[in-house]
Asker: 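Questions regarding the structure given below will be posed in turn.
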Amino acid sequence: MTTSKSGFSLASWNSTPNKEQDQRNQQRIKTINHEATIFAEDIISLSCTVSDMSKAGAMLVANTPNLTIEQDVPLTVSIQSAGKKLTRNAIVRWVIISNDEMRFGVQYVDHVKLEPATHQLDIEQVKIDPACTLRIPSSLAVRRKVLPFLEQQGVIHVACCNVNNISMVNTIERMIKAPVVLWNVEQEKLEKVLKQVYGNSQPAPILPGKASANDEKTSDAVDLGDKLLYAAYIREASDIHIDPTHKGARIRFRVDGQLETYDSIQQDIYTELASRIKVMANLDIAEKRAPQDGRFSHQFVSGGKRIDMRVATLPTKYGERITMRLLAVNTEGLTLNKLGFTDNNRTMIERFLRRTQGLMIMTGPTGSGKTTTLYASIRLLLAERDVNIITVEDPIEYEINGVAQCEIDPASDKLDFAKALRSILRHDPDVVMLGEIRDKETADIAIKAALTGHMVLGTLHTNSAAATVTRLIDMGVQPYLIAAALRLAVAQRLLRRLCTHCRISRPLTEQEAISIFHPELTGTQVYDPTGCVYCGDKGYAGRIGLYEILELNESWARDVADEKGEAVLTDNMRKSGVHSLLDDAIEKLVSGQTSFSEVLQIASSW
């Protein structure tokens, strides 16, 4: 047996590391129910069990009497346990074969190869962790042009313009009490991001749970509430969840559709924070036994970003659960070519938008990006011609210049979707957008508007594009009216987009290919997430849309009018080559835009 490299010989594996650095990086952990799949040049997939593992490698066990693995062979290893998956490139450092069992040690290889000493970081593409940015005063960050943006294994990564400034490193390390890694950044880009993060250099709010002992004072509750909103804005969260427990409360953000824990706070801090949020949302702070809804607008710093918040409270066993939705986001990127449309799908959308009348309906579950796509469509209309656009929404999610936006009042009967729509038709609109078609009355008015020379954009909750017709008929709309008015039905979902800096390729296994109903894709190269400084060590950066578009032609419209049903319409779509949501997901999987685990969510929903 030859001696291997980097401390990964068999003797090294069996010895106990002594140095503190070795203990941190290579300390092995015995594993339970960890399964691994390895991929090599001549192996599509080999199943193994994981005996133990560390941050630097793993010992694997395979029962393969007819297969051997050579030392120093490069391979890809994918380890899975309890719903979590780790994929890494690796090198075999030692092999032991006894009877029908083969044990071998693999050392992970860094495939990202982003080194602070040689790589210039594009700070505008980095996912910034607000827990890091708030660890130094904003005045210091802006003055010294430094930005802490990520914590990995106890080390803080900092963007700066001068990586050779030793005194600055010492100052930051003393302040945050952790080792620091500096990344070189273009000064102009760093100044732009610093302005977005810290505004006009007003003092940063205090972190929750680390504030002074006087948190019960109102001023501290204000600071805590401001900090929470600020952190959610920096993290680009869509929702803030505050869940009370018997010890206090857990704070979580929903980022890219996934919940991630941000912090835990004590009971007295939670009580003050809940009261502060209820005051901001104009809710009754004395009422704790009934659900309440409210909203408010908040501006972080002078001249800084303003966000709109929607607040809901719900009495639970340990106190009021508070959920806040951030409604105002950066709308500059709301264009159709950035949402994930294929060229063919975008052409169909744009072809409809160049008409002067007709009905387009977006379908999908809550949070699937329907409204975002409608806003992108409105931006295209505004850019191409002078039109009178009026929207009816609950609530207004984005503010767009040049659009009259009407918000319904669910708390009273004075203004609902149907009443607003009837009034809008007297204002000579070219385009009408309905936030949601909820009932027969609204659907009837929308369809009649589409038949009388208006372009109508709306949303429904259905699982597919063809199901739009079924849903409208269930509401009581006559099939012949649907056939005459409906021109486009678009089903939409959102999947997380892989970080292009750290994604790792591997072949698709036979079992995986069968699970997405395409066994012929076995061996096709796909990508898994890993994590790097750009994506905040998550492996994903943003989300991408999946689309299924039903463009109602004359023949299909006749089938709708004849009430031939959803199944016939779906069959005609497939025969004509219209991609389903799963087809679109698989296309994005093969092209490396998303991962197998994300696509499996779409496949398992059918």
Side-chain angles (χ1 to χ4, degrees), residues 331-339 341 345-363 369-409 415-460 465 468 472 477 480-490 492 547 549-554 557:
T331 62
E332 297 302 319
L334 288 182
T335 57
L336 291 175
N337 60 344
K338 294 182 180 180
L339 297 181
F341 284 104
N345 284 346
R346 187 172 69 250
T347 298
M348 285 193 284
I349 297 281
E350 292 175 349
R351 184 162 57 232
F352 169 82
L353 294 176
R354 292 188 176 98
R355 300 168 60 98
T356 57
Q357 70 179 72
L359 174 63
M360 180 176 83
I361 294 182
M362 300 293 305
T363 76
K370 302 185 298 295
T371 306
T372 299
T373 302
L374 290 183
Y375 275 114
S377 301
I378 287 175
R379 281 190 174 275
L380 179 64
L381 288 168
L382 290 172
E384 291 194 346
R385 61 182 193 264
D386 192 9
V387 287
N388 179 20
I389 303 177
I390 305 178
T391 72
V392 189
E393 305 171 62
D394 178 28
I396 295 173
E397 295 189 25
Y398 313 114
E399 293 182 6
I400 297 183
N401 292 331
V403 178
Q405 296 174 273
C406 172
E407 183 170 280
I408 71 167
D409 184 5
L415 186 63
D416 58 22
F417 277 104
K419 291 179 180 177
L421 186 53
R422 274 195 298 268
S423 177
I424 283 172
L425 295 178
R426 303 187 192 105
H427 289 262
D428 186 32
D430 297 301
V431 181
V432 178
M433 191 197 96
L434 292 171
E436 185 178 347
I437 299 175
R438 295 180 175 177
D439 50 40
K440 181 181 184 300
E441 186 179 10
T442 306
D444 278 335
I445 299 172
I447 284 181
K448 289 172 183 175
L451 291 172
T452 54
H454 304 89
M455 177 183 291
V456 181
L457 313 177
T459 71
L460 272 178
T468 302
L472 290 172
V477 181
Y480 72 90
L481 290 176
I482 300 173
L486 183 64
R487 288 295 167 263
L488 217 59
V490 185
Q492 178 170 344
Y547 302 94
I549 299 185
L550 165 61
E551 190 174 33
L552 214 61
N553 58 34
E554 186 177 348

Asker: For E399 and Q405, run side chain to side chain donor-acceptor pair (under 3.5 Å): C-alpha distance rounded to whole Å, both residues' side-chain angles, the deciding distance at 0.1 Å, then the answer.
Answerer: CA-CA 8 Å; E399 293 182 6; Q405 296 174 273; over 6 Å; no

Asker: Going from CD1 on I378 to CG on L380, what distance comes out if it is rounded to the nearest 0.5 angstrom?
Answerer: 11.0 Å

Asker: Do R354 and E384 sit within salt-bridge range, that is, some charged N less than 4.0 Å from a carboxylate O?
Answerer: yes

Asker: Checking A450 now: which residues fulfil side chain to side chain contact (heavy atoms under 4.5 Å, CB included) with it, not counting sequence neighbours?
Answerer: L359, V456, A485

Asker: Output, in order, the C-alpha distance, side-chain angles, deciding distance and verdict of side chain to side chain contact (heavy atoms under 4.5 Å, CB included) for I349 and Y547.
Answerer: CA-CA 11 Å; I349 297 281; Y547 302 94; over 6 Å; no

Asker: Check step by step if side chain to side chain contact (heavy atoms under 4.5 Å, CB included) holds for I400 and L382.
Answerer: CA-CA 10 Å; I400 297 183; L382 290 172; 3.8 Å; yes

Asker: Give me the atom names and distance for the closest heavy-atom approach of R355 to R385.
Answerer: O-NH2, 3.1 Å

Asker: Less than 4.0 Å between a side-chain N and a carboxylate O, is that true for K440 and D444?
Answerer: yes

Asker: About how many Å separate CZ of R422 and CZ of F417, when rounded to the nearest 0.5 Å?
Answerer: 13.5 Å

Asker: Write down the atom of S377, the atom of M360, and the distance for their closest heavy-atom approach.
Answerer: OG-CE, 4.0 Å

Asker: Give the minimum heavy-atom separation between L481 and I447, together with the two atoms involved.
Answerer: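 Here L481 and I447 meet closest at O-CG2, 3.8 Å.
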
Asker: Could you check I424, V403, L425 and say which one makes a side-chain contact (heavy atoms from CB on, under 4.5 Å) with I390?
Answerer: I424

Asker: Given E551 and N553, is the side chain to side chain contact (heavy atoms under 4.5 Å, CB included) satisfied, shown in steps?
Answerer: CA-CA 6 Å; E551 190 174 33; N553 58 34; over 6 Å; no

Asker: If you measure from CG on L460 to CZ on R438, what distance do you get to the nearest 0.5 Å?
Answerer: 11.5 Å

Asker: Please report the shortest heavy-atom distance between L550 and A465, naming the atom on each side.
Answerer: CB-CB, 3.8 Å

Asker: Side chains of R346 and N337: closer than 4.5 Å at any heavy-atom pair?
Answerer: yes

Asker: Closest approach of L336 and T373, non-hydrogen atoms and distance?
Answerer: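 What the structure gives for the nearest pair is CD2-O, 4.3 Å.
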
Asker: Do F341 and T347 pass the side chain to side chain contact (heavy atoms under 4.5 Å, CB included) test, and can you show the C-alpha distance, the side-chain angles, and the key distance before you say yes or no?
Answerer: CA-CA 9 Å; F341 284 104; T347 298; over 6 Å; no

Asker: For L552 and I482, work out which heavy atoms get closest and say how close.
Answerer: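 For L552 versus I482, the nearest heavy atoms are CD2-O, 4.4 Å.
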
Asker: Rounded to the nearest 0.5 Å, what's the gap from OG1 on T442 to CG on D439? Could you check?
Answerer: 3.5 Å

Asker: In Å, rounded to the nearest 0.5 Å, how long is the span from CD of E397 to OG1 of T372?
Answerer: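 So the gap between those two atoms works out to 7.0 Å.
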
Asker: From the options L374, T363, I361, L434, select the one residue that forms a side-chain contact (heavy atoms from CB on, under 4.5 Å) with T459.
Answerer: L374

Asker: Do side-chain atoms of D430 reach the backbone of N388 as a donor and acceptor pair under 3.5 angstrom?
Answerer: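 Present.
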
